[in-house]
Amino acid sequence: MSLEIAREVQFTFDANDPGALATFWAEALGYQVQPPPAGFDSWEQALTAWGVPPERHNSASAVVDPKGAGPRLFFQQVPEGKSGKNRVHLDVRAAPGLSGDERMAALEAEAARLVTFGATRLERHEPVPPNAGHLIMADPEGNEFCLD
């Protein structure tokens with residue numbers, strides 16, 4: 001008897017501006033905004049053909065790993081803003097295999113790059129064994145994530 005326990009995972013974000021948040025996370029993760037379905041040159045073209053009103057064109061977006069290995073991130077528009085600390089967050093592994101000053105320098109460089117795309121730097125946690133050190137950031141809509 002074979003028991004299949006692995007599942008595909010998708011992470012869903014509530015957002016005020018799904019398109020902008022998708023663009024940020026595509027940049028942060030090396031992902032791409034999910035291409036439109038076959039037969040359409042753009043999402044706008046597809047949505048218009050399906051009868052979606054123009055004011056709803058930015059109600060959802062998604063990013064995918066171009067290599068097909070990582071999970072899909074889905075962004076759905078909601079009317080309310082973020083109201084508290086995330087109960088779940090993403091760790092962006094920006095310095096795997098590095099330690100000490102080299103690790104923190106790599107994390108600082110990635111933090112500076114993501115700030116240019118709308119991220120906010122929140123905290124720095126120094127490497128103190130057994131913790132290797134990390135940075136806490138927020139995406140353009142305030143969702144916390146770690147550069148690890």
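Keep in mind it's a predicted model, so treat the numbers as computed, not measured.
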Under the 3.5 angstrom rule, does the side chain of [X] hit a backbone N or O of [Y] as a donor-acceptor pair?
{"X": "Asp17", "Y": "Ala20", "value": "yes"}
{"X": "Arg103", "Y": "Gly133", "value": "yes"}
{"X": "Arg72", "Y": "Val64", "value": "no"}
{"X": "His57", "Y": "Val52", "value": "yes"}
{"X": "Gln45", "Y": "Asp41", "value": "yes"}
{"X": "Lys82", "Y": "Gly84", "value": "yes"}

For [X] and [Y], which heavy atoms make the closest approach, and how far apart are they?
{"X": "Ala60", "Y": "Phe74", "result": "CB-CZ, 3.7 Å"}
{"X": "Pro18", "Y": "Ser61", "result": "O-CB, 3.7 Å"}
{"X": "Ile136", "Y": "Cys146", "result": "CG1-SG, 4.1 Å"}
{"X": "Glu126", "Y": "Asn131", "result": "O-ND2, 4.3 Å"}
{"X": "Pro37", "Y": "Ala46", "result": "CD-CB, 4.2 Å"}
{"X": "His89", "Y": "Asp91", "result": "NE2-OD1, 3.0 Å"}

Subject >> Test salt bridge (charged side-chain N to carboxylate O under 4.0 Å, His left out) applied to Glu141 - qualifying residues, sequence neighbours left out >> reply: none
**OP:** Using only heavy-atom distances, determine whether the side chains of Asp14 and Gln76 contain a donor-acceptor pair under 3.5 Å.
**Re:** yes
Original post:
To the nearest 0.5 Å, how far apart are CZ in Arg93 and CG in Leu98?
Top reply: 10.5 Å
**OP:** Starting from the C-alpha separation in whole Å, work towards a yes-or-no answer on side-chain contact (heavy atoms from CB on, under 4.5 Å) for Arg113 and Glu27.
**Re:** CA-CA 10 Å; Arg113 186 182 80 82; Glu27 186 63 40; 2.5 Å; yes
**OP:** Please go through Leu107's hydrophobic cluster and name the other residues, only I, L, V, M, F, W, Y counting, with side-chain heavy atoms under 4.5 Å joining them.
**Re:** Val9, Phe11, Phe13, Leu21, Phe24, Trp25, Leu29, Tyr31, Val33, Val63, Leu73, Phe75, Leu90, Val92, Met104, Leu114, Val115, Phe117, Leu135, Met137, Phe145, Leu147
Original post:
Given the rule in the salt bridge (charged side-chain N to carboxylate O under 4.0 Å, His left out) test, do Glu108 and Arg121 qualify, once you have shown the distances and angles that lead to the verdict?
Top reply: CA-CA 10 Å; Glu108 290 290 354; Arg121 180 191 161 105; 2.3 Å; yes
Subject >> Validation row: Glu80, Ser83 side chains within 4.5 angstrom (heavy atoms) >> reply: no
